[in-house]
Amino acid sequence: MENKSSRRKLLKQLAVGSVAVAANPLASLATNNNDEMYKLKGNINHSVCRWTYSFLPLEELCVVAKKIGLKAIDLIGPKEWNVLKSHGLDSSMCNGAEISLTEGWNDKQYHSTLIKNYTDHINLVADAGYKNLICFSGNKKGMDDETGLKNCVDGLKQIMALAEKRGVIIQIEVFNSKVNHPDYMADNTKWTIELCKRLGSANFKILYDIYHMQISEGDIIATIKKNHEYFGHYHTAGVPGRHEIDETQELFYPAIIKAVADTGFKGYLAQEFMPTATTTEDKIKALKKAVKLCDV
């Protein structure tokens, strides 16, 4: 484990721009290797998920994010929005209204709690000037897909009018149930697109997690091109392993993110990989590399 002194030294280096970018085998497709020369192109709004870089205190992660050129940090709740604001960063996907990943809108026993939580959080998100609020289907627990759809619609309809009024987009995240989230109901795009259609609201979208959907169903680029109107947010990670999006894994992110950009997408793309590096400096280099690889 690194000591606090070395981490403070790294933060100081970041502040003056002296940390070099890791060598990038796909550099010709994404960037050059000079950290100070490279500037993000502005075609993609880049973010990073807080939980995958939780080895850094949020204040330090904000410094890193600003240095790299990120506009936001993903999956932050109301208690920490003041930290983001102090650094001029957006909360690209707000959380805190959910009960858990397994206890969601597909089960009516949770509706009263969820409706109260989301009513409160929709107002908090809007008052803070943010836009996106995550939600989850919950696990099946023996429930069939049609019953789950009907239950989700019944519950979500009770918050959508407020979301529309306040300009907040409720986004349901898709997970794979094969590797990471056994029994999760929203484990494919077909089910979640049907949910969007039944709700019929421009303020309900899908958080399309590229890592999860590669495991669940593949066909990523074609799916994005065909269904992008339902996708309000994107997450990345390497397959297999949910690690760096580099040459060791099966997804070619430059092409995927170009497909996203070609749809006219104006939302956020958040890095959600778990870095395998052992030092803080190398983990930060991995984030820089991923962002630049996705900067089409």
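Here the rule is salt bridge (charged side-chain N to carboxylate O under 4.0 Å, His left out) with Glu194, and of Lys197, Lys190, Arg198 only Arg198 fits it. Of the candidates Tyr268, Trp81, Tyr130, Tyr268 is the only one forming a side chain to side chain donor-acceptor pair (under 3.5 Å) with Asp90.
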Trace of the side chain to side chain donor-acceptor pair (under 3.5 Å) decision for Ser177 with Asp187 | CA-CA 6 Å; Ser177 58; Asp187 66 351; 2.6 Å; yes
I would like to know whether Cys196 and Thr192 meet side-chain contact (heavy atoms from CB on, under 4.5 Å); could you show each step before the answer?
-> CA-CA 6 Å; Cys196 290; Thr192 48; 5.7 Å; no
Before giving the answer on side-chain contact (heavy atoms from CB on, under 4.5 Å), spell out for Tyr208 and Tyr230 the whole-Å C-alpha distance, their side-chain angles and the decisive distance to 0.1 Å.
-> CA-CA 9 Å; Tyr208 186 78; Tyr230 301 106; over 6 Å; no
CA sep, side-chain torsions, deciding dist, call: Asn180, Tyr211, side chain to side chain donor-acceptor pair (under 3.5 Å) = CA-CA 11 Å; Asn180 301 100; Tyr211 161 80; 2.7 Å; yes
Might you work through the salt bridge (charged side-chain N to carboxylate O under 4.0 Å, His left out) test for Lys289 and Glu247, ending with a clear yes or no?
-> CA-CA 11 Å; Lys289 180 177 175 180; Glu247 70 285 352; 3.7 Å; yes
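Looking at Asp262 and Lys225, no side-chain N of the basic residue comes within less than 4.0 Å of a carboxylate O on the acidic one, giving no salt bridge. Looking at Lys285 and Glu281, a side-chain N of the basic residue comes within less than 4.0 Å of a carboxylate O on the acidic one, giving a salt bridge. No salt bridge links Asp154 with Lys150; every basic N to acidic carboxylate O contact stays at or beyond 4.0 Å.
In the model, Glu217 has a side-chain atom that pairs as donor or acceptor with a side-chain atom of Thr189 under 3.5 Å. Between the side chains of Glu272 and Thr52, not a single donor N or O lies within less than 3.5 Å of an accepting N or O. His181 and Asn176 are not linked by any side-chain donor-acceptor pair at a separation below 3.5 angstrom, with hydrogens and angles left out of the test. A donor-acceptor pair shorter than 3.5 Å cannot be found between the side chains of Gln158 and His111.
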Quiz: residues 68-80 side-chain donor-acceptor pairs under 3.5 angstrom, not counting sequence neighbours:
residue : atom : partner : partner atom : Å
Lys71   : NZ   : Asn45   : OD1          : 2.8
Asp74   : OD1  : Ser92   : OG           : 2.4
Asp74   : OD1  : Met93   : N            : 3.3
Asp74   : OD1  : His233  : NE2          : 3.1
Asp74   : OD2  : His233  : NE2          : 3.0
Asp74   : OD2  : His235  : NE2          : 2.7
Glu80   : OE1  : Arg50   : NH1          : 2.5
Glu80   : OE2  : Arg50   : NH1          : 3.4
Glu80   : OE2  : Arg50   : NH2          : 3.3

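Taking the side chain as every heavy atom from C-beta outward, Val291 and Lys288 never approach each other to under 4.5 Å.
In the hydrophobic clustering of ILVMFWY residues, with side-chain heavy atoms under 4.5 Å counting as a link, Leu195 and Ile169 come out apart.
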